[in-house]
Structure formats: structure tokens, C-alpha cells
Amino acid sequence: MTKKLLKVCGAKTRDDVELLADSGADLVGLWHGVPNGPSEVSVDQVALLAEAARATGQLEPMLVTFLSDVDLLRQIVERTGIRWIQLHAYQMPQMIRALRARVPHDVTIVKVLHLRAGTCLEKPLIKAYEKAGTDLFLLDVVTEDGQIGSTGQRLHPKAVVELVPSFTKPFLLAGGISAHNSADYATVAAHPQFLGIDVDTGARDQQGHFEGKNISAITRGWRTARHEEVA
């Protein structure tokens with residue numbers, strides 16, 4: 001069985017990065033270009049944290065951004081050495097096509113698909129996203145008032161299962177992931193396109209700081225769960 005990925009989002013310090021590595025994470029999300037984002041860091045900080053992540057020998061840094069300026073993103077990739085980019089806003093397929101043409105071929109482009117009340121807002125664009133060069137999708141919640149990213153709200157498993165046939169790329173699952181709800185997503189986690197999970201709120205304590213025991217528990221809960229594969 002292929003190991004599923006654990007991405008933890010919103011690291012801001014070297015201590016955060018080291019804690020995530022010690023707790024079993026594979027990817028660390030670094031926020032830049034997220035207006036008013038609680039985990040926003042500068043490009044210089046992204047570069048330092050990305051270097052710290054790679055130095056662990058385990059963590060791969062991922063830029064998480066609302067930006068759609070392709071030239072700026074290319075400059076950030078060159079400055080930081082980032083090889084994973086998560087486009088978390090409503091960037092259009094033509095922007096992804098331009099980005100794909102301007103960054104190194106080994107950069108993984110992750111496009112977030114937002115679900116509101118079980119409906120994917122970008123569903124009409126999914127095929128265009130794939131043709132434009134998207135490598136991976138991340139499924140997440142958009143709240144009724146429009147908030148996106150780190151909402152702590154769960155996706156309904158049925159909505160995810162119904163959406164997955166709309167695309168051919170692998171996907172990560174976000175939205176209220178905890179150590180105790182992997183069984184609720186057994187069908188999702190058994191899908192051959194399922195690549196892993198993305199956690200933020202569930203990885204933190206009540207004060208909003210990363211909590212190693214929470215992350216370790218999520219790692220155990222999702223990686224030791226037994227799922228029957230679905231076609």
C-alpha cells in the first residue's frame with residue numbers, strides 16, 4: 001500500500017517546521033499572498049522556512065497562495081526553491097497554463113477546488129484546469145459567508161465521492177480533518193486517486209499553536225485505518 005501524504009498548513013517559524021517533521025508530516029504549507037491570513041509570512045521567511053523544511057530530510061515545503069501574478073510566482077519559485085505551489089483562491093485555467101510554462105517542469109501545481117454546501121464552485125472548469133497543467137487537486141470547504149482556507153469545517157464524504165469522477169488527477173482532502181474521523185471517509189480514502197490529507201485547525205491546540213500530539217494522532221488515525229479500495 002502506498003503511503004498517503006500528510007500536509008500540515010501554516011508554519012511560521014523554524015520550531016514549527018521541526019515539530020511537524022518530528023510528528024510525521026510530509027508537506028508543510030507556507031502562506032504567502034494570503035490577505036489577512038493568520039499564518040502569512042514574507043518571501044524571505046518562505047525561503048528560510050523552505051530551507052529548514054528540506055534540511056529535515058523529511059518535509060517538502062509547499063507555497064500556499066491566493067496570488068495569480070505568474071511573474072511574481074516565478075520569482076518566488078526562483079528565490080525559495082519551492083517545488084510545490086498550492087493555488088488556493090479562484091485562479092483561472094489560463095493563469096495555470098501560463099504558470100506551467102514559466103516554472104521548472106518538476107514544480108507540482110496544486111489547484112484547490114472549493115465546495116460550498118456540497119457543491120464544487122469550480123466544477124465547470126475542472127477539465128480546463130487539467131488541460132492547463134494542474135498536477136493535483138485539493139478539496140476544501142468554502143463557508144456560507146465565503147471564507148476559504150483553514151475553516152475547520154468538514155466536507156461531507158458523499159459530496160467528495162460524487163465529485164472525484166469529474167477529474168483524473170490525484171487529490172488531497174482538507175476540511176475538518178481530525179485523528180478520529182478517518183472512518184467517516186473510508187470510501188474517500190480507499191479511492192485510487194486519493195493521495196492524502198491537509199490539516200491546519202486539527203493540528204493546533206486551543207491557543208492556535210501546533211500541537212505535536214495532535215499531529216501524531218492524526219498520522220496514526222489516517223495511516224493505520226483500513227480501507228477497502230474502490231474503483
Side-chain angles (χ1 to χ4, degrees), residues 5-18 20-21 25-114 122 125-126 128-140 148-150 167-174 195-200 210:
L5 299 176
L6 169 60
K7 172 177 173 271
V8 181
C9 217
K12 296 177 67 176
T13 68
R14 187 178 294 270
D15 286 345
D16 285 345
V17 169
E18 292 175 354
L20 297 187
D26 304 291
L27 296 157
V28 53
L30 306 175
W31 289 27
H32 176 73
V34 181
N36 302 313
S39 299
E40 176 79 359
V41 294
S42 68
V43 174
D44 285 344
Q45 288 174 300
V46 170
L48 291 172
L49 294 172
E51 181 181 5
R54 290 188 290 264
T56 68
Q58 175 177 329
L59 279 177
E60 183 72 26
M62 180 187 291
L63 177 69
V64 178
T65 188
F66 288 8
L67 295 173
S68 58
D69 185 323
V70 171
D71 287 332
L72 180 56
L73 286 170
R74 178 184 55 79
Q75 292 170 17
I76 293 171
V77 166
E78 292 176 352
R79 168 75 178 84
T80 65
I82 289 278
R83 286 298 178 265
W84 290 67
I85 301 176
Q86 177 179 317
L87 300 173
H88 204 99
Y90 296 105
Q91 296 92 342
M92 299 301 288
Q94 56 266 36
M95 177 266 171
I96 293 177
R97 183 176 298 107
L99 182 64
R100 177 80 281 164
R102 297 193 189 185
V103 295
H105 65 87
D106 61 342
V107 169
T108 298
I109 298 177
V110 182
K111 180 66 187 78
V112 174
L113 300 179
H114 303 91
E122 295 96 341
L125 298 174
I126 287 176
Y129 281 134
E130 291 195 323
K131 291 178 180 178
T134 299
D135 298 296
L136 177 69
F137 289 111
L138 189 152
L139 312 186
D140 201 3
I148 58 177
S150 300
F167 53 84
T168 63
K169 303 294 184 180
F171 71 95
L172 294 170
L173 179 69
L195 191 60
I197 56 175
D198 180 12
V199 183
D200 189 334
F210 286 129

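Just so you know, residue 1 is the first one in the sequence shown, and it goes up from there. On a predicted model such as this, the values are computed, not experimentally measured, just so you know. Only this structure's heavy atoms are used, side chains among them; waters, hydrogens and symmetry mates stay out.
- No side-chain heavy atom of Leu20 sits under 4.5 Å from any side-chain heavy atom of Val17.
- Summarising the geometry, atom CG belonging to Leu6 is positioned 9.5 Å from atom CG belonging to Leu59; distances are rounded to the nearest 0.5 Å.
- Taking every heavy atom of both residues into account, Ile96 and Gly133 meet most closely at CG2-C, 4.2 Å.
- Using a 4.5 Å heavy-atom cutoff, the side chains of Leu136 and Lys169 are not in contact.
- Contact detail for Leu138 and Ala174: the closest heavy-atom pair is CD2-CB, 3.7 Å.
- Counting non-hydrogen atoms of other residues, nucleotides and ligands closer than 6.0 Å to CD of Glu78 gives a total above 12.
- Counting heavy-atom neighbours within 6.0 Å of Asp106 CG, excluding the residue itself, gives a total above 12.
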message: Go through it in stages, so that I can follow the logic: the residues are Leu49 and Val28, the test is side-chain contact (heavy atoms from CB on, under 4.5 Å), and I'd like the CA-CA distance, side-chain angles, deciding distance and then a yes or no.
response: CA-CA 9 Å; Leu49 294 172; Val28 53; over 6 Å; no
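- Judged by distance alone, the side chain of Thr134 and the main-chain N or O of Tyr129 form a donor-acceptor pair under 3.5 Å.
- In this structure, Glu60 CD and Lys7 NZ are separated by 12.5 Å, a value rounded to the nearest 0.5 Å.
- A donor-acceptor pair under 3.5 Å links the side-chain atoms of Lys111 to the main chain of Ala89, judged by distance alone.
- The closest side-chain heavy-atom distance from Tyr90 to Ser68 is not below 4.5 Å.
- One N or O on the side chain of Glu130 and one on the backbone of Thr168 form a donor-acceptor pair closer than 3.5 Å.
- Ion pairing between a basic and an acidic side chain is recognised when a charged N comes within 4.0 Å of a carboxylate O; Glu18 and Arg14 show no such pairing.
- Nearest heavy-atom pair across Asp135 and Pro170 is O-CD, 3.6 Å.
- Of the possible donor and acceptor atoms, one in the side chain of Thr65 sits under 3.5 Å from a partner among the backbone N and O of His32.
- The shortest distance between side-chain heavy atoms of Met62 and Val110 falls below 4.5 Å.
- By the 4.5 Å heavy-atom criterion applied to side chains, Gln75 and Val43 are not counted as neighbours.
- Listed here is the closest heavy atom pair of Asp69 and Asp71: OD1-N, 3.1 Å.
- Nearest heavy-atom pair, Gly10 versus Ser39, reported as atom, atom and distance to 0.1 Å: O-OG, 3.4 Å.
- Using a 4.5 Å cut-off on side-chain heavy atoms (C-beta onward), Asp140 and Asp198 make no contact.
- Remark: the backbone N or O of Leu67 is paired with a side-chain donor or acceptor of Gln91 at under 3.5 angstrom.
- Between the side chain of Glu122 and the backbone N or O of His114 there is at least one donor-acceptor pair closer than 3.5 Å.
- Annotation: side chain of Val107 is in contact with side chain of Ile85 (closest heavy-atom distance under 4.5 Å).
- Residues meeting the side-chain hydrogen bond (donor to acceptor under 3.5 Å, both in side chains) test with Gln58, sequence neighbours left out: none.
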- prompt: So Val103 and Leu73, side-chain contact (heavy atoms from CB on, under 4.5 Å) or not? Walk me through it.
  reply: CA-CA 9 Å; Val103 295; Leu73 286 170; 5.9 Å; no
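- Counting all heavy atoms, side chain and backbone alike, Thr56 lies closest to Ala53 at OG1-O, 2.6 Å.
- Here the straight-line distance linking atom CD1 of Ile197 with atom CG of Asp26 works out to 9.5 Å at 0.5 Å rounding.
- Side-chain contact check for Thr80 versus Leu30: every heavy-atom pair is 4.5 Å or farther apart.
- Checked by atom type and distance alone, the side chain of Glu40 pairs as donor or acceptor with a backbone atom of Gly33 at under 3.5 Å.
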